[in-house]
Amino acid sequence: MDASSGLSADPVFRITGSASPFAAGPEEVLRYRSPLVSRYASKEMAFNFSDSKKFQTWRRLWLWLAQAQRSLGLPITEEQIQEMEANLENIDFKMAAEEEKRLRHDVMAHVHTFAHCCPKAAPIIHLGATSCYVGDNTDLIVLRDGFDLLLPKLARVISRLADFAERNADLPTLGFTHYQPAQLTTVGKRCCLWLQDLCMDLHNLERVRHELRFRGVKGTTGTQASFLQLFEGNHEKVEELDRLVTCMANFKKTYMVTGQTYSRKVDVEVLSVLASLGATVHKICTDIRLLANLKEVEEPFEKDQIGSSAMPYKRNPMRSERCCSLARHLMTLIMNPLQTASVQWFERTLDDSANRRVCLAEAFLTADIVLSTLQNISEGLVVYPKVIERRIRQELPFMATENVIMAMVKTGGNRQDCHERIRVLSQQAAAVVKQEGGDNDLILRIRSDPYFAPIHSQLEQLLDPKSFIGRAPQQVLKFLKEEVIPLLTPYQSKMDVKIELDL
């Protein structure tokens, strides 16, 4: 034991009372907190998965059920309804925790806690319902609301990158295949490759969000038997009850058939599109990290930001690295609902519960973080045209050799003779680059060779980088006009929000 620190020499860390360096600190430092919430996620997304929202939603679901049941003739009074309405946010979490410890059942603990502050309504709270009435329906509400938070953020990222692509639509840059120099493209066209994937993600998130349905009022195994009994065999009233509660929750449809839960395939769909978004963000930010190494494009770098504690000159792409790190986590989460859906027995088994508390929340929290960070990156991307131009000059002479040959043929030269002379000069220039570490001097060699005198005056034109970018600028503008802008139209009112990162 180190008496001065109060820390055990054992591999296990032990808090030793007043001697602990944390003893006088805030309570939250004494136990693990997910960095997804404590360090990264927005307040809105963190609240969406909070206990406060969860249990308030449970109470609203009990209220909606009672209201619908009353409207269909069950003996529920207006006084009971008003009492429930008055206590939707009046949750005694300490009592609920004590009740759950005693009952070993979270839903019944909150039924008792709600009943305690609603004594008149107590007899009709949770009438005919099962735990999944509040549990699963709340999950679907939270998933829907999570998508509603993510979609505008994704749209803003697309909007910022669309502006970047338009500004750089005709700026030539060296293309890479296999991360080896290839034909030229433009900075804006490369950005459109990122945009195309993000637009696919926006479409996919919209689709899954709009396909989400409500579990509704289905009973213990999905047969609605308890409600059929409450309404004395009146099937029409049971169906109307289901419809009314669904409308109160602002859903258009319910899943017509369920077991005790909604199908866990729904969770697979939800996390699939989020994992796919993660893959897109990882690809974009990897490209940015590689471009930062080439010093062609950089993410924002604050005035007082430190890139390395040891190397003061470094400008590490830490935002892009964070996105890649968290995007990998997001991509891995899809395995959880896949396995859960595959091992559900018959109408339901409870081994789908504890893990869903983790993976569903983490998927949305992580997606929220990477989109906020990517928006911050996209709002401050810096392009260095002179560096790009220098790299083009190093590679373009080799790419221009075919143009040189064709120009010589047009002046009466022999294609094969010209090809051989270009081949020899190219090999000599390549040796200077690779063996001597010099600059590519192929054009200087062509200028010095009397054989190429007929086209010496054309060399500048033949080497204009913009003559090598094909239709890239036109493709950028057409893509933005026809595919990107229409996709963003529903989100125009939310485009002005800017992201500033504290960390």
Side-chain angles (χ1 to χ4, degrees), residues 35-36 39-42 150 152-169 171-176 179 185-199 201 277-331 366-391 476 484 495-503:
L36 295 178
R39 188 174 178 89
Y40 296 128
S42 67
L150 291 180
K153 290 192 173 190
L154 177 52
R156 285 197 294 270
V157 170
I158 293 172
S159 175
R160 304 306 193 262
L161 287 176
D163 292 342
F164 179 83
E166 185 176 17
R167 289 195 304 271
N168 296 282
L171 178 60
T173 190
L174 189 64
F176 291 95
Y179 201 36
T185 182
T186 69
V187 172
K189 172 62 187 298
R190 176 177 285 147
C191 182
C192 284
L193 300 181
W194 304 340
L195 280 167
Q196 181 169 244
D197 289 351
L198 288 169
C199 288
D201 291 317
L277 171 64
T280 298
V281 173
H282 198 290
K283 184 266 189 295
I284 293 171
C285 290
T286 299
D287 282 357
I288 293 172
R289 292 164 66 190
L290 293 170
L291 290 169
N293 174 261
L294 298 175
K295 298 179 175 58
E296 294 186 2
V297 178
E298 283 185 345
E299 64 177 39
F301 197 88
E302 307 300 334
K303 178 182 177 181
D304 296 324
Q305 183 175 328
I306 296 174
S308 168
S309 62
M311 295 167 279
Y313 60 88
K314 293 195 74 178
R315 293 170 64 96
N316 296 333
M318 49 83 69
R319 292 171 174 86
S320 298
E321 290 174 313
R322 179 190 304 169
C323 280
C324 288
S325 177
L326 291 169
R328 287 201 301 273
H329 176 63
L330 179 56
M331 287 186 281
T366 307
D368 179 70
I369 297 159
V370 297
L371 286 176
S372 294
T373 309
L374 184 56
Q375 180 184 334
N376 178 263
I377 293 170
S378 61
E379 288 173 346
L381 281 174
V382 180
V383 180
Y384 296 102
K386 293 297 183 182
V387 177
I388 294 173
E389 181 183 348
R390 183 179 185 279
R391 183 158 285 107
V476 170
V484 176
M495 283 294 136
D496 292 336
V497 179
K498 289 196 172 184
I499 295 293
E500 294 184 4
L501 298 181
D502 293 330
L503 295 170

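- Here Gln375 contributes atom CD and Leu154 contributes atom CG; the two are 10.5 Å apart, rounded to the nearest 0.5 Å.
- For Glu299 against Met318, the heavy-atom pair with the smallest separation is OE2-N, 3.1 Å.
- For Glu321, the CD atom counts as densely surrounded, since its 6.0 Å shell holds more than 12 non-hydrogen atoms of other residues, nucleotides or ligands.
- When every heavy atom of Arg190 is checked against every heavy atom of Gly175, the shortest pair comes out as NH2-CA, 3.8 Å.
- Two residues are said to be in side-chain contact when any heavy atoms from C-beta on lie closer than 4.5 Å; Leu326 and Leu330 fail this criterion.
- Residues Ile377 and Cys285 meet the side-chain proximity criterion, which asks for heavy atoms closer than 4.5 Å.
- Arg328 contributes atom CZ, which lies 12.5 Å from atom OG1 of Thr366 (distance to the nearest 0.5 angstrom).
- Side chain of Arg319 to main chain of Pro300: a donor-acceptor pair is present (N/O by atom type, distance under 3.5 Å, no hydrogens or angles).
- The side chain to side chain donor-acceptor pair (under 3.5 Å) test with Tyr384 is passed by exactly one of Arg390, Lys295, Glu296, Glu298: Glu298.
- Counting heavy atoms from C-beta on, the side chains of Ile288 and Pro317 never come closer than 4.5 Å.
- Lys153 places a side-chain heavy atom less than 4.5 Å from the side chain of Ser372.
- At least one side-chain heavy atom of Ile388 sits under 4.5 Å from a side-chain heavy atom of Val383.
- Nearest heavy-atom pair across Ala169 and Val476 is CB-CG1, 3.8 Å.
- Between the side chain of Thr373 and the main chain of Ile369, a donor-acceptor pair closer than 3.5 Å is present.
- Side-chain contact check for Ser325 and His329: no donor-acceptor pair (N or O, by modelled atom type) lies under 3.5 Å.
- Shortest non-hydrogen contact noted between Leu371 and Leu150 is CD1-O, 3.8 Å.
- A 4.5 Å side-chain heavy-atom check between Phe164 and Val187 finds at least one atom pair inside the cut-off.
- The heavy-atom pair separating Ser378 from Leu161 by the smallest distance is CB-CD2, 3.6 Å.
- Of all non-hydrogen atoms in Cys324 and His282, the two that sit nearest each other are O-CD2, 3.2 Å.
- Atom OG of Ser159 is separated from atom CD of Glu379 by 9.0 Å, given to the nearest 0.5 angstrom.
- For the atom pair CD (Glu166) and SG (Cys191), the distance works out to 11.0 Å, reported to the nearest 0.5 Å.
- Side chains of Val387 and Leu294 form no contact here, defined as non-hydrogen atoms less than 4.5 Å apart.
- Looking at heavy atoms from C-beta onward, Leu36 lies out of side-chain contact with Asp368 at the 4.5 angstrom threshold.
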What side-chain donor-acceptor pairs closer than 3.5 Å can you find for residues 192-199, not counting sequence neighbours?
unit_1 : atom_1 : unit_2 : atom_2 : d
Trp194 : NE1    : Asp287 : OD2    : 2.9

